[in-house]
Amino acid sequence: MSRIIDGKAIAAQIKDELKKEVAQMGDRGITVGLAVIQVGDDPASTIYVNNKKKACEYIGIHSVSYELAGDVSQQELLALIDKLNHDEKVNGILVQLPLPEHIDEEKVITAICPDKDVDGFHTENVGRLTVGKDGFLPCTPAGIIQMIKRSGFSIEGKECVVIGRSNIVGKPMAALLLRENGTVTVAHSKTEKLKEVASRADILIAALGKPKFITADYVKEGALVIDVGIHRMQNQKMCGDVDFENIYGKAAAITPVPGGVGPMTIAMLMCNCVKAARR
Ligand code: NAD
């Protein structure tokens, strides 16, 4: 039997803690404001944006939405970000990714004031994470660290293998595990003998974006397996990068999809908004 880590329950606990803190801030006349910008009407993005708005509402964060047409110019988007950067009521700015192809994502991310960059994607915050200074942490990897710690697992001294090296998940995940004193290996699409590398892990993070790719022969007996992937199968059911049924029983603990990493990502976004207002 493997223990199933309930990301939804841990995220609910974090949101309740934040709700209390936001109420106390309110008593002192401090409000927390998040601006959410969505460009176009991609259905997946709309679901993510709505979930973020719902979480804000629950916690007491004042969220303002900007729904821009898919053909909005880069200049118009940058002008809106500039306006929000100067708006004192706005503590955090979130631009839902991906953006349409005619817009330079990197330019947009670096246009957000680093002190309002609640996604933690600005190069200033990436640099802060790398050198161990305080800044905004990217939500998915930060949520995974919380989930591991709050489930009673320790990272210090453990063999951690991260599969995937994207800027939003794999690389910051590796930096955060290192910060927690893990012994970290980053594997990617060019890694040789991936099964051998992965099965060294006490903590295996699967963030490769390939449905059910990680089977029992990638997993060490008794490992903690964190599944970052999100995929919708033909039967409309969700699955992750890990073949859950296949590794169940071999791993000590696994995160399910849905109900694992996903809810933690939103909870950490809320944490970053409150942190921005606290500053
Ligand atoms: P990405 O496509 O940007 O990066 C995938 C990485 O995996 C790359 O670095 C690549 O080198 C590596 N990779 C690809 N195929 C591989 C293989 N066969 N063997 C080893 N490495 C391989 O993806 P991403 O943005 O990092 O997202 C990864 C997954 O996590 C996706 O399924 C995405 O939907 C999901 N995701 C979930 C959340 C959440 O909140 N739960 C957040 C972000 C991303």
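Worth saying up front: this structure is predicted, and the values here are computed from it rather than measured. Values reported hereafter were calculated over all heavy atoms of this structure, with side chains retained and with hydrogens, waters and symmetry mates removed. Both ligands and their constituent atoms are indexed starting at 1 by order of listing.
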**Asked** Is it true that E17 and R150 make a salt bridge, defined as a side-chain N closer than 4.0 Å to a carboxylate O?
**Response** yes
**Message:** I'd like to know if D115 and R279 make a salt bridge, using a cut-off of under 4.0 Å between side-chain N and carboxylate O.
**Reply:** yes
Option whose closest heavy atom lies nearest to [atom], chosen from [options]:
{"atom": "atom 18 (N) of ligand 1", "options": "Y218, Y48, F213", "value": "F213"}
{"atom": "atom 12 (C) of ligand 1", "options": "A198, G164, A44, P98", "value": "G164"}
{"atom": "atom 35 (C) of ligand 1", "options": "V197, V228, I226", "value": "V228"}

For ligand 1, is [X] a contact, meaning one of its heavy atoms is under 4.0 Å away?
{"X": "G262", "answer": "yes"}
{"X": "K190", "answer": "no"}
{"X": "A207", "answer": "yes"}
{"X": "L194", "answer": "yes"}

Numbering as shown, the atoms of ligand 1 that approach [X] to under 4.0 Å (heavy-atom distance):
{"X": "G209", "value": "28 (C), 29 (C), 31 (C), 32 (O)"}
{"X": "T265", "value": "39 (C), 40 (O)"}
{"X": "V169", "value": "26 (O), 43 (C), 44 (C)"}

**Request:** Show your working on side-chain contact (heavy atoms from CB on, under 4.5 Å) between V39 and L77 and close with a plain yes or no.
**Result:** CA-CA 9 Å; V39 180; L77 176 57; 4.2 Å; yes
**Prompt:** Taking the six-membered ring for Trp, are F121 and F136 ring centroids under 6.0 Å apart?
**Reply:** no
What do we get for [X] next to ligand 1 when only non-hydrogen atoms under 4.0 Å count, side chain, backbone, both or neither?
{"X": "M264", "result": "neither"}
{"X": "L208", "result": "both"}
{"X": "T140", "result": "side chain"}
{"X": "T191", "result": "neither"}

Nearest-contact summary for [atom] - protein heavy atom, Å:
{"atom": "atom 22 (C) of ligand 1", "answer": "S189 N, 3.5 Å"}
{"atom": "atom 1 (P) of ligand 1", "answer": "S166 CB, 4.1 Å"}
{"atom": "atom 34 (O) of ligand 1", "answer": "I230 O, 3.8 Å"}

**Request:** Kindly state if atom 7 (O) of ligand 1 has a protein heavy atom within a strict 4.0 Å cut-off, that is, under 4.0 Å?
**Result:** yes
**Prompt:** Quick one: does T140's side chain have a donor or acceptor within less than 3.5 Å of a partner on V169's backbone?
**Reply:** no
